[in-house]
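Numbering of residues begins at 1 and proceeds along the displayed sequence. Counting convention: from 1, in listed order, for ligands and their atoms alike.
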Amino acid sequence: MNSAIKERSWVEIDLDSYRHNLTELKRFFAPQQSFMQIVKADAYGHGAFEISKIASKEGACYLGVANCEEGKLLRIQGIKMPILVLSPSLTTEIEDLILHDLSVAISNFEFANDLNRYAYDHKTKVKIHIKIDTGMHRSGLDYESCLNDLNRICKLANLEIEGIFSHYASSESNTEFSEKQLGRFLKVINALPVPPKYVHVANSSALLGKYSGQETMNLVRLGILSYGVYTSPQQMLQIDLRPVMSFKSRIAHIKTLSKNEVLGYNLTYKASKDTVYAIIPVGYADGYDFLLGNRGKVCIKGKVLPVIGRISMDMITIELGMDHNFEIGDEVTLLGNCHPETRVEQLTAKYQGSAYELLCQIGRRAKRFYISEGSIVASSPLSRRDFVSSDFTDSKLNLIIESAISQRLQSNEIGELIYREILRSFFYNKDKDIHYRKNFVHSLKFSDVHLHEQHHCDPKTKFYEHYFRTNTELTFEKVLQNDYFIVACANSDKVLNRYFQRKDVEYRWLMDSNFSLTDEQFTITGVSVDGIDLNSVINRKQGCLEIRCSHPLLKDLMGKQVKFSISTQTFYPKTSHQLSVFITELTQGIRISLIHPDSLESIEVIPIFSGQNKYPKISRTTNKISIATQADEWIFPMSGIVFAY
Ligand SMILES: *Cc1c(COP(=O)(O)O)cnc(C)c1O
């Protein structure tokens, strides 16, 4: 599996472990309880988009994010389930909160009032969860004096009070204070005439501490424990949690150090004997904490080894010992499930750090691979900084398209964000007069071949029995570049490929290799630009029928948007069992159809689209299948449709 990973360092997110942790945690739910998956800070560095999708499948009824921006990002990526913004929002965020259908935590009347006014002006209703401060003294209405404000908020007609909640200050370590907080919160709930739909107080540690409000609360907010990190040692007796994140790299160099020699910045390590050490190309710039210098442990082939010397920006050093059997390229686990010593709880304990922080820190930078049942099921292509608009090079663009495509094949929707980014880059960062096609309509018609005058035993008839007669009609709009264009037909991939490189080719057809390239086998039946019928001249060139289409009047149309129309007649082998239509240029609005004889009954359509929508609309009538996008929808190159029959 990992041989597929070429990064210097990377993060593996084990989705099976995440599911396992949820199953374990659910054992502690009271019958009426379900859960909100907390995915703030990009799901504690695990990737909010992927975690949200699994959480939803595993029964989560809500997602919790820290702020409007995080919620918006999930919406843009296509997450449809309810999302609560947990921290206090700003009035400047109200527009986005409503636009993206985010539920809002309310900590004071004034903000509720502003939110209500905006919702009223826009003829909408906003779901809110009222936050009660029961002693943590961060956000929330004060538990002792909140009833008045609660009453006033209830009267705001464009707010729907869907939930009420509080938050523990120390659920993993202070039972007494937590119970006090729970008591205070229950008092508030009991004073309400009717409690709202959701009443919630517990984070994940409180669930195990048994003050999740077993009787009253119907929602639990799961964070750190669901990611497989214990917050106190007692929990290890209660529940089996598996770390979801692993942070990995490889040995880059192996070197020796003689007794009394020193190592690294500021000479913090001095060898007490001759030894061998490895250099790992990971440093604090990758999120490996500076404070792990001379303290951290890594795991190679199941063996725990100490970090020696300081953590550099991009490098750390590991002692291997004199009689080691490690090699350059060996995988190194810097954090994760390899050994108890490399669990995040253990690592952060070494410098009194926070597990929450270390996970976020690492997850922010490294490329993530999502693993399920031993194979990579998704990767998060880019860290967020890659969306920053400047310095868009072609190679970066290619990378995005590539990841967009790999993403597309694995997840339900390609991120709207990537979609916009690619579009923006096509139009603004490259030459402004980029060429694209509009209203691309391509219809293909298969029919059985009837050669009337021929006898059934005629070898020619026999030959054609294996083929469909194929008529194609293509129309689209595009800015005319030259006073001619080329239609190419080849009978080998290799030859045709050359014509994919050329900008003056508007149509390509791959002929069955059993055919010789004659104009009996491939004919242009009509070709026009803005209704002007073009002259076509056939050139035979190295395995290709190159048809040049031109007209003297085209000179006047150059630089203008014109309508192309190209029709052909040819043959397609029945035994191929699939026909592909490629989208080779940036295209806005597509309609592709296949008309077929009765003899072809079950035809499957497999759209391979990169663009906003991976699933174009497919409709069928008796002898016709059509695939269509919205007229204004962009489809990126490297898309296509496969008809399998
Ligand atoms: C972060 C957060 C949680 C989750 O806490 P864990 O300790 O990670 O389970 C729950 N509720 C609120 C309001 C939070 O901000």
Side-chain donor-acceptor pairs of residues 81-99 under 3.5 Å, sequence neighbours excluded:
from	atom 1	to	atom 2	distance (Å)
Ser87	OG	Ala66	O	3.1
Glu93	OE1	Leu90	N	2.8
Asp96	OD2	Lys72	NZ	3.2

Quiz prompt | Closest non-hydrogen atom pair between Tyr265 and Arg310, with its separation | solution = O-CG, 3.8 Å
Practice problem: Kindly indicate whether the side chain of Met36, heavy atoms from C-beta on, has any atom under 4.5 Å from the side chain of Phe165. | Solution: no
Quiz item: For Phe29, which residues count as a ring pair (Phe, Tyr, Trp, His ring centres under 6.0 Å) partner, sequence neighbours excluded?
Solution: none
Quiz item: Is there side-chain contact between Ile239 and Tyr230, with at least one heavy-atom pair below 4.5 Å?
Solution: yes
Self-check item: First-shell residues of ligand 1 [heavy atom, distance under 4.0 Å]
Solution: Ile38, Lys40, Tyr44, Leu86, His167, Asn203, Ser204, Arg221, Gly223, Ile224, Tyr356
Show me, pair by pair, the donor-acceptor contacts under 3.5 angstrom made by side chains of residues 142-149, not counting sequence neighbours?
from	atom 1	to	atom 2	distance (Å)
Asp142	OD2	Glu144	N	3.1
Tyr143	OH	Arg184	NE	3.1
Asp149	OD1	Arg152	NH1	3.0

